[in-house]
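Note sheet for the following structure.
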Amino acid sequence: APAARLTMTQWIAIVCGAAGLVFAVIAKALGDVFFFRLATEALIFGGLALSVDLLLGRTGLLPLGQALFFGLGAYVSALVLKHAGLGFWATMAVAAAASAVAGLVGGLIAIRAKGVYFALISFGLAQVVSKIVFNTRELGASDGLIGVPQPQVLPGVGAADAAGFFLVVLAFIGAIYGAVTWL
């Protein structure tokens with residue numbers, strides 16, 4: 001069987017991943033923290049964009065409420081880190097499970113919707129959940145959560161380590177990109 005050829009999009013992803021590694025080396029040499037944090041946030045939002053690509057690009061469904069799962073995962077992970085004291089990966093598993101349950105409930109509501117109706121239902125669900133969080137004092141209300149500890153991601157690499165955390169997020173988003181591409 002002939003070897004599989006990479007598409008232009010896959011080549012661009014490889015070049016961007018390599019550029020991220022070069023960036024990490026240069027930023028570490030300069031002792032930079034701000035651009036590490038900025039690049040880490042950009043990668044995280046890139047993961048959010050991959051979720052839109054999965055729904056819109058692969059299934060044709062326009063999701064206007066994907067921020068529901070993004071924000072729910074962030075809030076659940078912050079609450080678990082702050083109150084349960086679990087490690088990073090256990091916290092990620094709890095946040096993913098909470099988002100999956102929310103996705104199941106939202107999916108049951110929007111299962112037969114198509115086109116603009118799916119977009120509006122997903123947006124409406126996100127608005128309902130955001131209003132609940134925004135008006136709940138125990139969840140930080142409009143001020144957000146304060147005092148969330150910075151966990152250890154890997155041995156020797158914590159969320160406080162800008163360079164190490166950037167590399168972990170880069171690898172994680174690369175794995176997500178690979179999974180979406182495979183799908």
Side-chain angles (χ1 to χ4, degrees), residues 1-81 86-104 106-107 122 126 148-183:
R5 293 194 168 189
L6 294 176
T7 66
M8 183 59 75
T9 305
Q10 291 168 331
W11 277 111
I12 291 171
I14 290 169
V15 168
C16 287
L21 293 174
V22 170
F23 162 79
V25 169
I26 293 170
K28 184 69 173 172
L30 296 175
D32 180 68
V33 173
F34 172 77
F35 286 108
F36 265 129
R37 296 288 182 205
L38 184 65
T40 302
E41 279 192 45
L43 284 171
I44 291 168
F45 285 116
L48 180 63
L50 282 170
S51 71
V52 175
D53 177 50
L54 182 62
L55 274 173
L56 183 60
R58 307 285 192 247
T59 67
L61 295 171
L62 174 63
L64 293 179
Q66 72 276 13
L68 162 67
F69 308 104
F70 188 72
L72 182 67
Y75 261 96
V76 167
S77 63
L79 288 170
V80 168
L81 283 171
L86 295 178
F88 178 79
W89 295 106
T91 298
M92 289 283 285
V94 171
S99 292
V101 168
L104 179 65
S122 68
V148 178
Q150 295 184 347
Q152 281 293 110
V153 179
L154 296 170
V157 178
D161 175 22
F165 192 60
F166 169 78
L167 292 173
V168 168
V169 172
L170 180 64
F172 196 74
I173 296 299
I176 291 172
Y177 172 77
V180 170
T181 302
W182 178 77
L183 281 175

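The basis for the numbers below is simple: all heavy atoms, side chains too, and nothing from hydrogens, waters or symmetry mates. These figures come from a predicted structure and were not determined experimentally.
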Let me confirm one number: the [atom1]-[atom2] distance from [X] to [Y], rounded to the nearest 0.5 Å.
X	Y	atom1	atom2	answer
L54	I176	CG	CD1	11.0 Å
I44	I173	CD1	CD1	7.0 Å
S77	L86	OG	CG	11.5 Å

Provide the closest heavy-atom pair for [X] versus [Y] in the form atom of the first, atom of the second, distance.
X	Y	result
G156	D161	O-OD2, 4.4 Å
A95	G73	CB-O, 3.5 Å
Q150	A160	OE1-CB, 2.8 Å
F36	A162	CB-CB, 3.7 Å
V76	V94	CG1-CG1, 3.9 Å
Q10	R5	OE1-O, 4.2 Å

Verify, without hydrogens or angle tests, whether S99 (side chain) and A96 (backbone) share a donor-acceptor contact under 3.5 angstrom.
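A pair under 3.5 Å: no.
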
So, S122 side chain and L64 main chain: donor-acceptor pair closer than 3.5 Å or not?
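Side chain of S122 to backbone of L64, a donor-acceptor pair under 3.5 Å: yes, one is there.
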
Steps toward side chain to side chain contact (heavy atoms under 4.5 Å, CB included) verdict (L55, Q66)
CA-CA 10 Å; L55 274 173; Q66 72 276 13; 5.8 Å; no

So, using ring pair (Phe, Tyr, Trp, His ring centres under 6.0 Å) as the criterion, who are the partners of [X] when residues are at least two apart?
X	result
Y177	none
F35	none
F69	none

Sequence neighbours excluded, every pair satisfying salt bridge (Lys or Arg N to Asp or Glu O under 4.0 Å) that has a member inside [range]:
range	answer
residues 23-38	none
residues 91-101	none
residues 40-56	D53-R58

Are any non-hydrogen side-chain atoms of W89 and L154 less than 4.5 angstrom apart?
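The answer is yes, as the side chains (C-beta and beyond) meet within the 4.5 Å cut-off.
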
Step-by-step side chain to side chain contact (heavy atoms under 4.5 Å, CB included) determination, L167 to L21:
CA-CA 8 Å; L167 292 173; L21 293 174; 3.9 Å; yes

Assign the ring pair F45 / F70 to parallel, tilted or perpendicular, where the plane angle (0 to 90°) is split at 30° and 60°.
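Tilted: the ring planes of F45 and F70 meet at 30° to 60°.
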
Should the ring pair F23 and F166 be called parallel, tilted or perpendicular, given that the plane angle runs from 0 to 90° and is split at 30 and 60?
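F23 vs F166 ring planes: perpendicular.
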
Near F172 CZ, under 6.0 Å, is it more than 12 heavy atoms from other residues, nucleotides or ligands?
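No, not enclosed.
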
My understanding is that only one of L81, V80, T91 makes a side-chain contact (heavy atoms from CB on, under 4.5 Å) with P151; could you say which?
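Exactly one pass, corresponding to L81.
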
